[in-house]
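Here is the structure we will look at, set down as C-alpha cells.
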2 protein chains.
Amino acid sequence: MASIKDVAAAAGVSVATVSRVLNDHPSVSAAARTRVLAAVRDLDYRPNAVARSLRTDQTRTLGLVISDVMNPYFTELARSVEEEARALGYSVIIGNADERPDLQDHHVRTLLDRRIDGLLVSPTDGGSPLMLDAARGGTPMVFVDRWIPGVDVPVVRSDGRAAVRDLVAHLHGLGHRRLAIIAGPAATTTGRERVDAFREALALYGLDLPGAYVGQGDFQAESGRRVTEGFLDLPEPPEVVFAADNLMALGALDAVRARGLRVPRDIALAAFDDIRWFVHTDPPVTAIAQPTGELGRAAVRALVDRVEGRPGASVTLPARLVVRRSCGAPPAENPAKNRSTS
Amino acid sequence: MASIKDVAAAAGVSVATVSRVLNDHPSVSAAARTRVLAAVRDLDYRPNAVARSLRTDQTRTLGLVISDVMNPYFTELARSVEEEARALGYSVIIGNADERPDLQDHHVRTLLDRRIDGLLVSPTDGGSPLMLDAARGGTPMVFVDRWIPGVDVPVVRSDGRAAVRDLVAHLHGLGHRRLAIIAGPAATTTGRERVDAFREALALYGLDLPGAYVGQGDFQAESGRRVTEGFLDLPEPPEVVFAADNLMALGALDAVRARGLRVPRDIALAAFDDIRWFVHTDPPVTAIAQPTGELGRAAVRALVDRVEGRPGASVTLPARLVVRRSCGAPPAENPAKNRSTS
DNA sequence: GGAATGCATGGAATCGATTACATCGACGTG
DNA sequence: CACGTCGATGTAATCGATTCCATGCATTCC
C-alpha cells in the first residue's frame with residue numbers, strides 16, 4: 001500500500017508538502033497541489049489512519065459499551081449513535097457487555113488501549129474501578145440510559161416517572177388492584193428507578209407493592225419467565241405484571257402461554273421500552289416508549305462536545321405511555337396509536 | 001498517560017527490555033522482569049495499541065460491514081461474530097450499511113483506512129469497485145450471508161433450498177395453490193436465490209409463479225407492506241405470501257391487519273429468517289431458520305485463517321423449516337417446536 | 001536599493017511501540 | 001589460557017504520518 005513517501009516521490013515534492021495538501025493547509029502553490037493530487041489519484045493513496053492517530057493523538061473514534069446488543073432497545077440506540085457520530089466525522093466501536101461486568105471491563109480496556117477519543121457507556125453494574133479511573137483520568141465519557149451515581153460524568157437518559165404514573169392510572173382505571181413488577185438488576189440505575197417509580201405511582205392510588213410482587217430479574221428474557229412463574233404460583237397471583245424491560249416482558253409472555261393462560265384475560269402485561277414487535281405480539285403489548293433515537297443522538301453530541309473541549313451537558317428526555325391491548329380494554333380513543341410507526 | 005519510556009525509566013532499564021518483558025521474549029533476566037512488571041503496575045501502564053499497530057502492521061481488528069443492524073438476523077450474526085473474534089483475540093468494528101451501497105462504501109473505506117486485518121461483508125449490492133479492489137488488493141476478506149459472484153473470496157452462508165422445498169410441501173399439503181413471494185433486491189444473491197428456490201419448489205408440484213405474484217421488496221418492512229397491499233388488490237389475490245426476510249414479513253402482517261383481515265384465515269404468511277419474536281406474533285409465524293450463530297462463528301474462523309496465512313474455506317450450512325400457525329392448521333405433530341429456544 | 005515581509009517548501013524531530021544489531025560479561029572447552 | 005558461545009541488555013532504525021523551524025525567493029515599502 002502506497003505511503004506518503006511514495007506520493008511525495010511521484011509528485012516530486014517533500015512529504016511535508018503532501019501532508020499540507022492533504023490537510024489543506026493554505027501555504028501550498030497551486031502547481032504543487034495539482035501535482036500532489038494527481039499522484040494521490042495515480043497511486044490510489046489513502047492516508048494511514050493508524051500513523052495519523054499516533055502523531056495527532058486523536059483517533060476520531062468513539063467507543064460505545066452497551067449492556068446487551070440483542071435487546072432491540074439497545075440495538076436502536078447503537079444505530080442512532082453511529083449515525084450521529086458519522087455525521088460529526090467520528091467512527092464508533094461497539095462493545096457488547098451482555099450484562100456481564102467482566103465483559104464490560106474487557107471492552108472498556110480494549111477501547112482505552114486503542115486510544116478512542118471518547119467513551120459512551122450504559123453501565124451494567126455499579127462501576128468497576130477501571131471505569132471509575134477512566135472517568136477521573138480524563139477520558140471524555142458520557143453515560144447513556146444507565147449511569148453510575150457519584151461520578152462526575154454527563155448522563156443522557158429518559159425519565160419514565162411520569163409515564164409510569166400514566167401506566168398505573170391506566171391500570172387502576174381498568175380495575176386492576178394487585179400489580180406486580182419484574183425488576184431489573186439492583187446494580188443498575190434503571191433497575192432501581194423503575195421499581196421506585198412504580199411504587200410511588202401505586203402509592204398515589206393507595207396501593208401497596210408487597211415484597212412478593214417484586215420479582216428480581218436481570219433484563220434477560222429467561223428471568224422474566226422465571227419471575228412470572230413465581231407470580232403465577234402465588235396463592236394470590238397479581239392481576240398485572242409490569243416488566244422493567246422488553247426482553248423480560250417476552251419471557252413473561254412465554255410463561256403465561258406455557259400455562260395455557262391468556263393475556264389480558266387471565267393476567268395483564270405491560271413493559272418498559274417499546275419496540276416495534278410489540279405491535280404484532282399476541283396481544284399487542286402496552287409499553288412505555290423512550291425517545292431512543294433522540295437519546296443516542298444527544299449522547300453523541302454531549303460526548304463530542306467533551307472531546308472537542310466544550311462543556312457537554314446532561315440531558316433528560318421524557319418517556320411516554322403507549323396503550324395497546326395487553327392490559328385489557330382496547331384503546332377505543334385513538335386506533336392510530338396501534339399502528340407501527342416503523 | 002504513561003508510555004513505555006516512563007516504564008523503562010521507572011524500572012531502570014531500556015525500552016527494549018520493557019518491550020521484551022511485555023511480549024514475553026525469552027531473553028530477559030528474572031530480576032529485570034520483576035522490576036519492569038512492578039513499574040508497569042505502579043504506573044498503570046497499558047501499551048498504546050495505535051503505536052504497536054503502526055510498527056507491527058497489524059491491528060488485531062476485523063471489520064464487519066452488515067446490511068442492516070436493525071434486522072434481528074443481522075444483529076444476531078454480529079453478536080456471534082464479535083464473540084468468536086474475541087475468543088480468537090480480535091476486536092470487531094461494525095459498520096451498518098442500512099442496505100445502502102454508498103454507506104457500505106463509506107464503511108469499507110474507513111475500515112481500510114484504519115488498516116483492519118480482515119473484512120467480513122454481507123454485500124448490499126453487486127459490488128462497488130472499491131470492494132472489488134480491496135478483495136483483489138490482498139485485504140483478507142470473507143463474505144457472509146450474501147456474496148458477490150465472480151470474486152475469489154470465501155463465502156459463508158446457509159443454503160435454504162431444501163427448507164424452501166419443505167415449506168412449499170407444507171403449504172401444498174394445506175391445500176394452498178396460489179403462492180406469492182415478496183422478493184429481496186435483485187442485486188443481492190439472497191434476494192435472487194430465494195425467489196429461484198421458491199419457483200423451483202413450486203414447479204415440483206406443477207405450480208406456476210406468475211409475475212403478478214412476485215413483488216419486489218428491499219428487505220425492509222415498508223416494502224413488505226407495500227407489496228402485500230398490491231397482492232391484496234389483485235383480482236385474484238394469493239392464498240399465501242412468502243416474505244424473503246423477517247422485516248418484510250412484519251410489513252406484510254401490518255398490511256393484512258390494516259385491511260381488517262386475519263392470518264391465516266384470510267391469507268397465509270411465511271418468512272425467511274426465523275427470529276425469536278415470531279413465536280409471539282399473532283399468529284406465530286412459520287419461518288425458515290438459518291443457523292445464524294454458526295454462520296457468524298464459521299465466518300470469523302475463515303477470515304482469521306486468511307489473516308494468519310492459512311487457506312480459509314467457504315462454508316455452506318443448511319437452513320430448516322420451523323412450522324407455526326401462520327399458514328393454517330396448527331402443527332399437531334410436535335408442540336415443542338413452538339417454544340422459543342431463547 | 002536595501003531591509004522587511006510573506007509565501008512556498010524542505011529537513012528533521014516526533015508520536016510509542018518493535019526489533020535488528022552491537023556490546024559485554026560469564027562460562028565452557030580444548 | 002585463549003577463544004567461541006550464549007544470554008542479557010542497550011542503541012538506534014523503523015513504521016507513516018504531522019508540524020516546527022530554517023531557507024530561499026519574490027514582493028513591498030521607505
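Just so it is clear: chains get the letters A, B, ... in the order the sequence lines come, proteins before strands, and each one is counted from 1. Reckoned from all heavy atoms, side chains included, excluding hydrogens, waters and symmetry mates.
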Looking at every strand, decide which applies to [X] at a 4.0 Å heavy-atom threshold: base, sugar-phosphate, or nothing.
X     : answer
A/A32 : sugar-phosphate
B/N23 : sugar-phosphate
A/V13 : sugar-phosphate
A/S3  : sugar-phosphate
A/S27 : base

request  = Using a cut-off of strictly less than 4.0 Å, decide whether B/S19 has a side-chain nitrogen or oxygen near OP1 or OP2 of C/dT18.
outcome  =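 Yes, B/S19 has a side-chain N/O under 4.0 Å of OP1/OP2 on C/dT18.
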key: N/O (side chain, A/T17) to phosphate O (OP1/OP2, C/dG10) under 4.0 Å   =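 Answer yes for this pair, as a side-chain N or O of A/T17 is under 4.0 Å from OP1 or OP2.
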key: Distance-only donor-acceptor test, A/R55 side-chain atoms vs C/dT14 base atoms, 3.5 Å   =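 Looking at the base of C/dT14, it does pair with a donor or acceptor on the side chain of A/R55 (distance under 3.5 Å).
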Closest-nucleotide 5' rank along DNA chain D - winner of A/Y45 and B/H25 =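 Its nucleotide being nearer the 5' end, the pick is B/H25.
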task = With DNA chain D as reference, determine whether B/S14 or B/D57 sits nearer its 5' end, using the nearest nucleotide of each.
result =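 Its nearest nucleotide lies further toward 5', so the answer is B/S14.
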A/L62 and A/L120, any side-chain heavy atoms less than 4.5 Å apart =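 Contact flag for A/L120/A/L62 side chains = no.
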Calculate the interatomic distance between [X] atom [atom1] and [N] atom [atom2]; express it in whole Å.
X     : N      : atom1 : atom2 : result
B/L54 : C/dT19 : CG    : P     : 13 Å
A/R52 : C/dA17 : CZ    : P     : 21 Å
A/R33 : C/dT9  : CZ    : P     : 9 Å
A/R20 : C/dG11 : CZ    : P     : 11 Å

ask   = Are there more than 12 heavy atoms of other residues, nucleotides or ligands under 6.0 Å from atom CG of B/D133?
value =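 Yes, because the 6.0 Å sphere around CG of B/D133 holds more than 12 heavy atoms from other groups.
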Residues, nucleotides or ligands: over 12 heavy atoms within 6.0 Å of B/D42 CG =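 Count over threshold, so yes.
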message = Using modelled atom types and a 3.5 Å cut-off, is there a donor and acceptor pairing between side-chain atoms of B/N23 and backbone atoms of B/H25?
response =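 Not at all, since once roles are kept as given, no pair shorter than 3.5 Å links the two residues.
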key: Between CE on residue A/M70 and CG on residue A/N96, distance to nearest 0.5 Å   =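 Reported to 0.5 Å precision, the distance equals 9.0 Å.
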query = In Å and rounded to the nearest 0.5 Å, what is the OG1 to CG distance from A/T190 to A/D245?
reply =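 The CG atom of A/D245 is 8.5 Å from OG1 of A/T190, to the nearest 0.5 Å.
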ask   = Can you tell which of A/Q104, A/R100, A/H106 makes a side-chain hydrogen bond (donor to acceptor under 3.5 Å, both in side chains) with A/D102?
value =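 It is A/R100, the one option of A/Q104, A/R100, A/H106 that forms the side-chain hydrogen bond (donor to acceptor under 3.5 Å, both in side chains) with A/D102.
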request  = Can you pull out how bent the helix from C/dG1-D/dC30 to C/dG30-D/dC1 is, comparing the axes over its first five and last five pairs, to 10°?
outcome  =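 Here the helix ends are tilted 60° relative to one another.
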request  = May I ask you to check whether B/R146 and B/S67 show a side-chain donor-acceptor distance below 3.5 Å?
outcome  =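 There is such a pair (donor and acceptor under 3.5 Å, judged by atom type) between the side chains of B/R146 and B/S67.
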key: Residue pair B/R157 / B/T189, side-chain donor-acceptor N/O under 3.5 Å   =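 Judged by distance alone, the side chains do not pair up.
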query = What pairs meet the salt bridge (Lys or Arg N to Asp or Glu O under 4.0 Å) rule with one or both residues in residues 70-90 of chain B, with sequence neighbours excluded?
reply =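 Residue pairs with at least one partner in residues 70-90 of chain B: A/D98-B/R79, B/R79-B/E83, B/E82-B/R86, B/E84-B/R301.
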Segment of DNA chain D, first to last nucleotide, that comes within the 4.0 Å heavy-atom reach of chain B =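 Using the under 4.0 Å cut-off, the span is D/dG7 to D/dG16.
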message = Quick check for you: among C/dT18, C/dT19, C/dG10, whose closest atom lies nearest to any side-chain atom of B/I4?
response =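 Comparing C/dT18, C/dT19, C/dG10 against the side chain of B/I4, the answer is C/dT18.
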